2 protein chains.
Amino acid sequence: MAKHHPSGMDRTFSALADPTRRGVLLRLMDEPGLSVSELARPLSLKLPGMMKHLDVLSDAGLITRSKTGRTVSVNLSVGPMREAMAWLQRYERFWTVSLDRLVAFVEEDDEQ
Amino acid sequence: MAKHHPSGMDRTFSALADPTRRGVLLRLMDEPGLSVSELARPLSLKLPGMMKHLDVLSDAGLITRSKTGRTVSVNLSVGPMREAMAWLQRYERFWTVSLDRLVAFVEEDDEQ
C-alpha cells in the first residue's frame, strides 16, 4: 500500500478503530475530567496500557490531558471529530438520496 | 494494548483511516460499478496495491465486488457504515448539548 504521512482524519479514524478507545470517549462524555486510573479501573487495564491508548487519542486530538499535582485528568476535545463526522455525513447523504431514488423507482413501477 | 478480535466497527474505522480508501469510497458514490483498473488509474497505483485496499474495504463490508467476464466491478455497500455513523452521532449530540449549555451559561452571565 502507498506510504503516506497520516493526516488528521487518518488519525481520527485510526483512533476510533479500537473498542477500548471508543469506550473511553463515551465514558468521558458522562464523566469529564476522569483521571487515568479511574479510566483504567473498570477495564482492568494496567496504567501503561491505558496510557498507550490515551496517547493514541491525544495524538489524534480527541482528548486533552491536564495535570494537577500528581493527578492527570482527561477531557474530550471536539475539533478533529467534526471533520470525521462531516466526511461520514457526505456518505450518509449519498445513501439517503440513493434510497429515495430506489423508493421512487419502486413506486413508479407499482403504478404501471 | 489489549488484544481483541476486531469487531465490525473496528474494521469500518480502520478501513476509513486511509486517504486512498476514503477516496475510493467517494469516487464510487459518483461512479458506481467502476472496475479495479479504472479505480487505480487516476491514483497511479499498481493493480496489486489497489487490490489490497479493496480487500480491506471488502473485509469491512464497505464495498462489494462482482465479476463479469474478466472485469471486476466495485460497488458501495451501506450496512457497516451506518453503525459507525450512529456511533459518531452519539458523540455529535453530546457536543451539541454541551455547546448549548455553554451558550446558555454565557448568556445568563451576560444578564447579570
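The shown structure was predicted, so the numbers you read here are calculated from the model rather than taken from an experiment. Excluded from the calculations below are hydrogen atoms, water molecules and symmetry mates; all remaining heavy atoms, backbone and side chain alike, are included. Labels below follow one simple rule: chain letters A, B, ... track the order of the sequence lines, proteins then strands, and each chain is numbered from 1.
The CE atom of B:Met85 sits 11.0 Å away from atom CD of B:Glu83, with the distance rounded to the nearest 0.5 Å.
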Given the rule in the salt bridge (Lys or Arg N to Asp or Glu O under 4.0 Å) test, do B:Asp55 and B:Arg65 qualify, once you have shown the distances and angles that lead to the verdict? CA-CA 10 Å; B:Asp55 285 344; B:Arg65 285 176 285 193; 3.0 Å; yes

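In this structure, chain A has a heavy atom under 4.5 Å from the side chain of B:Met81, while its backbone stays farther away. Contacts between B:Leu43 and chain A at a heavy-atom distance below 4.5 Å are absent for every atom of the residue.
In plain terms, the two heavy atoms of A:Leu57 and A:Val24 that are nearest each other are CD1-CG1, 3.9 Å. Heavy atoms only, all atoms of each residue included: A:Ala17 and B:Ser14 are closest at CB-N, 3.5 Å.
For the set B:Leu25, B:Leu26, B:Thr12, the entry with the most heavy-atom pairs within less than 4.5 Å of chain A is B:Leu26.
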